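Keep in mind that what you see is a predicted model, and the values were worked out from it rather than measured.
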Amino acid sequence: MNRDELAARLLATFVAELAEQTSGVNQHLLALESGAGGDTEAAAEHLRALFRVMHTLKGAARAAGVPLVETVCHHLESLLAAVRDGARPLDAEALSTLFAGVDALADAAERLRRGAALDASAVAELAAALADGRPVPRAAPPEPAGAPPAAPSSPERGAPPERTAAAEGAAPPESAAPVAADVRVSTERVDELLASSSRLLIATGRVSATPTAVEAAHDSAMHAALLWRRAREELRRDLVERGGALALLERLEEMDEAMRRASRASARAAADARGAARALALVTTDIADGVRGLRMRPFGEAAAMLPRLVRDAAAATSKQVRLELAGEAVQADRAVLDELRDALMHLVRNAVAHGIESPEVRVARGKPAEGVVRVSAALVGDHLGVTVADDGAGIDVDAVRARQAERGEAPPADDRAVARALFRGGLTTQGSADAIAGRGVGLDAVRAALGRVRGSVDVWWEEGRGTTFVLDVPVSVATVRALLVGLGPVVVAIPMAYVLRMMRLAPESVRVADGRPVVSTERAPALLVSLARLLGPPLADRAEGTPVAVLLGVGARRLAVAVEELLGEAEVAVRPIVARGAVEPPFVNGAALLPSGAVALVANVPALVSAGIGRGATMAPTFAPREQVVARRRVLVADDSITTRTLEQSVLEAAGYDVLTAADGADAWRVLQERGADLVVSDVEMPRMDGFALCEAIRASPRFRELPVILVTALETPEHRARGLDVGADAYLGKSSFDQETLLDTIRQLLGAPP
């Protein structure tokens, strides 16, 4: 490594260390400003930690060749030493100077990260003030990323422009110096590893389909062997009765042995392929989980700047506000936290500026003079739920309506819709902008930030009691568990976190309410729209036939989308779509390459739900007329999973079969006795009567002994497959690699094509 490369590496390491340490310094200063809970020993420890940080950064700046930062750290170290030794009181002036110095260090870290030059004149002025003991002007509150440089852009929520903050200090970190056991890895390298692991997942998906093909060949061989044995016995009897040639009988024995060898070989090949695919899948999962783990960071990192932000915003608005944080240890992807950090800064600043009333107003309303802003995070499945709540005045919807009217807009009658209008840029109820808010940009920035990570935001409030923003984001943006649906040749991946249920549709099951199509759900009727029409051309004119509907939920909102077919679930690696031109594809968050080689569009569900609810009257599905047939082949589907039953039923009905369903083997046997069927598709593991017992009962019945039976199950070992064929199943398909075409091809082989 040459000298320039070494210098560049040292500087990059120093910039990361500087940004990390300044965040911890703010926590120490806030704790000191709040009096450290009256604990003198705790205050002394905060001072010692601050001194260690400045001493460490001074040496690191010298090694990295950043003398301006070294100078600031030296003077801050001297100030801290004077306070520590009792030569100077830790008064408001000293704290203001320390905060200003930390702001200068944070600014230097950001400039160095961008490759920009440091402001030498500002640093020199700060250093001179520190050296002379002169007061340093209080720095402006930190800006969220992307905010206008002149003033922060925190749009109001319609509440009186009042909020206060006096944040409580946090406990000091374990050590101010970097932990020696840590290994710093660039984010670019982690992203490269994640991309490689995603490709490995795709390759593994393709390999996992191989055992299914081998097992299908084995099933065919076993079925052929069974047919051969029957034909051989008939031929043997015929030859014996006729006194046939001994040589021909010997040839029959040789053919029989050859068939047995082929069956055993195909069974071994299927077992080996299944074992290799399972081992590869386990290793792939471990690698993918490990790489994703490298990107996972605690929520506390996204919230680290909030105590300082609340403190500064409160001071600027002459209010009293206490910040409460919860769920700091909850982890999420670094990319998700980066977007959350900006959203939280806007929302918390907005809470201080426009939610919390002034102390005088709060006391007059019977509230404590000190307001509270609470930020909490919790895991909900594979999503991270974050709330930003305050106990302020709530949203003044009348003020929002008035401002909408001034802008020439028609305010909606629903208060919730009025509140959501605040998420559009430019809408503010404040008469003029100040250093904290009033430009009507912040909530629009929140919506945009969450949209970049497939998240959503909603707002609730109670007049005079406070406002709560509810943020919902995926824990990881790299991969997502999705329901795959088909719209003709197009595959759409719908993140499972938004899928509430699936249901079959028929024209008679759709009702009309207020001129819009709805379907019944457990809670209330849900608006029904066509997913193809929502996505637009070239899908907009497609007719769904007799489709299935997927009920989506985003917060309290529900929307049923009609699709042509359900294709199953899959873990997909999401990649961004680079749009041609300035306009990004609507309602799409990215694309995913499926193991089959097909590309699936990853749906932006919050955007779909909002658009579907807003345009539901023009998005109704079109039911294509189906040809009437005198009789259709009847298939009985038995499975204790309602999701699997619905999926298989939809696939078979779309293919033209009449489908009956049963929740377990006993139920299937009852339905079979009462209504009959031309073929049975059954799970194995079911309550009361499993699939093996059902198959044995069918083979023992004179009425149904010739009825074709297909077992579709998660029990995929060679032993289970052998047992399934021994009890008389005509085919044995594994659920881990379930493919609707394989099922349909198997049924066509046994029944022929549907009429």
Side-chain angles (χ1 to χ4, degrees), residues 404 409-414 416-425 427 443-444 446-459 470-474 480 482-483 485 487 490-495 497-500 505 510 512-519 521 524-544 547 549-564 574 577 579 581-591 600-622:
Q404 285 182 296
E409 301 175 5
D414 180 50
R416 294 290 307 283
V418 173
R420 291 193 183 105
L422 290 167
F423 290 100
R424 299 198 302 268
L427 182 61
L443 290 185
D444 180 48
V446 170
R447 178 194 55 78
L450 297 180
R452 288 190 288 270
V453 290
R454 304 194 302 274
S456 64
V457 59
D458 208 344
V459 60
V470 180
L471 287 64
D472 180 82
V473 292
V480 62
L483 173 67
V485 302
L487 300 174
V490 177
V491 179
V492 178
I494 302 175
Y498 297 110
V499 176
L500 301 180
L505 287 181
V510 180
V512 176
D514 296 328
R516 305 198 295 179
V518 297
V519 292
T521 69
L527 181 66
L528 174 67
V529 301
S530 162
L531 181 58
R533 290 193 172 189
L534 265 181
L535 292 175
L539 301 173
D541 296 329
R542 293 189 62 84
E544 282 79 9
V550 181
L551 182 62
L552 305 176
V554 177
R557 293 177 292 171
R558 300 287 186 271
L559 179 72
V561 294
V563 301
E564 293 183 42
V574 183
I577 294 178
V583 180
E584 296 182 357
F587 311 133
V588 173
N589 271 325
L601 300 177
V602 181
N604 182 340
V605 177
L608 280 174
V609 170
S610 295
I613 292 175
R615 294 185 280 162
T618 62
M619 295 287 136
T622 303

J.: With a 4.5 Å cut-off on side-chain heavy atoms, are V605 and P495 touching?
T.: yes
J.: Please identify each residue that fulfils side chain to side chain contact (heavy atoms under 4.5 Å, CB included) with P474, with sequence neighbours left out.
T.: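 Side chain to side chain contact (heavy atoms under 4.5 Å, CB included) check on P474 returns H383, R454, V477.
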J.: For Y498 and P606, which heavy atoms make the closest approach, and how far apart are they?
T.: OH-CG, 3.7 Å
J.: Report the residue from L483, L487, V550 that forms a side-chain contact (heavy atoms from CB on, under 4.5 Å) with V492.
T.: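 That would be L487.
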J.: With side-chain contact (heavy atoms from CB on, under 4.5 Å) as the test, would you mind laying out the steps for I494 and L552 before giving the verdict?
T.: CA-CA 9 Å; I494 302 175; L552 305 176; 3.7 Å; yes
J.: For A449, what residues pass the side chain to side chain contact (heavy atoms under 4.5 Å, CB included) criterion, not counting sequence neighbours?
T.: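 Per chain and number, A449 pairs via side chain to side chain contact (heavy atoms under 4.5 Å, CB included) with E339, R452.
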J.: Show the numbers, then the answer: is there a side-chain contact (heavy atoms from CB on, under 4.5 Å) between D472 and V470?
T.: CA-CA 7 Å; D472 180 82; V470 180; 5.7 Å; no
J.: Any side-chain heavy atom of L531 sitting closer than 4.5 Å to one from L608?
T.: yes
J.: Can you check side-chain contact (heavy atoms from CB on, under 4.5 Å) on V588 and N604, steps first, answer last?
T.: CA-CA 5 Å; V588 173; N604 182 340; 5.9 Å; no
J.: Show the nearest heavy-atom pair for residues R558 and L551, with the distance to one decimal.
T.: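 Of all heavy-atom pairs spanning R558 and L551, the closest is CB-CD1, 4.4 Å.
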J.: On a heavy-atom basis, which atom in L450 and which in S456 lie closest, and how many Å separate them?
T.: CD1-O, 3.5 Å
J.: Apply side-chain contact (heavy atoms from CB on, under 4.5 Å) to the pair V561 and V485, showing each step before the final yes or no.
T.: CA-CA 11 Å; V561 294; V485 302; over 6 Å; no
J.: With side chains defined as the heavy atoms from C-beta onward, is the minimum distance between L528 and V519 less than 4.5 Å?
T.: yes
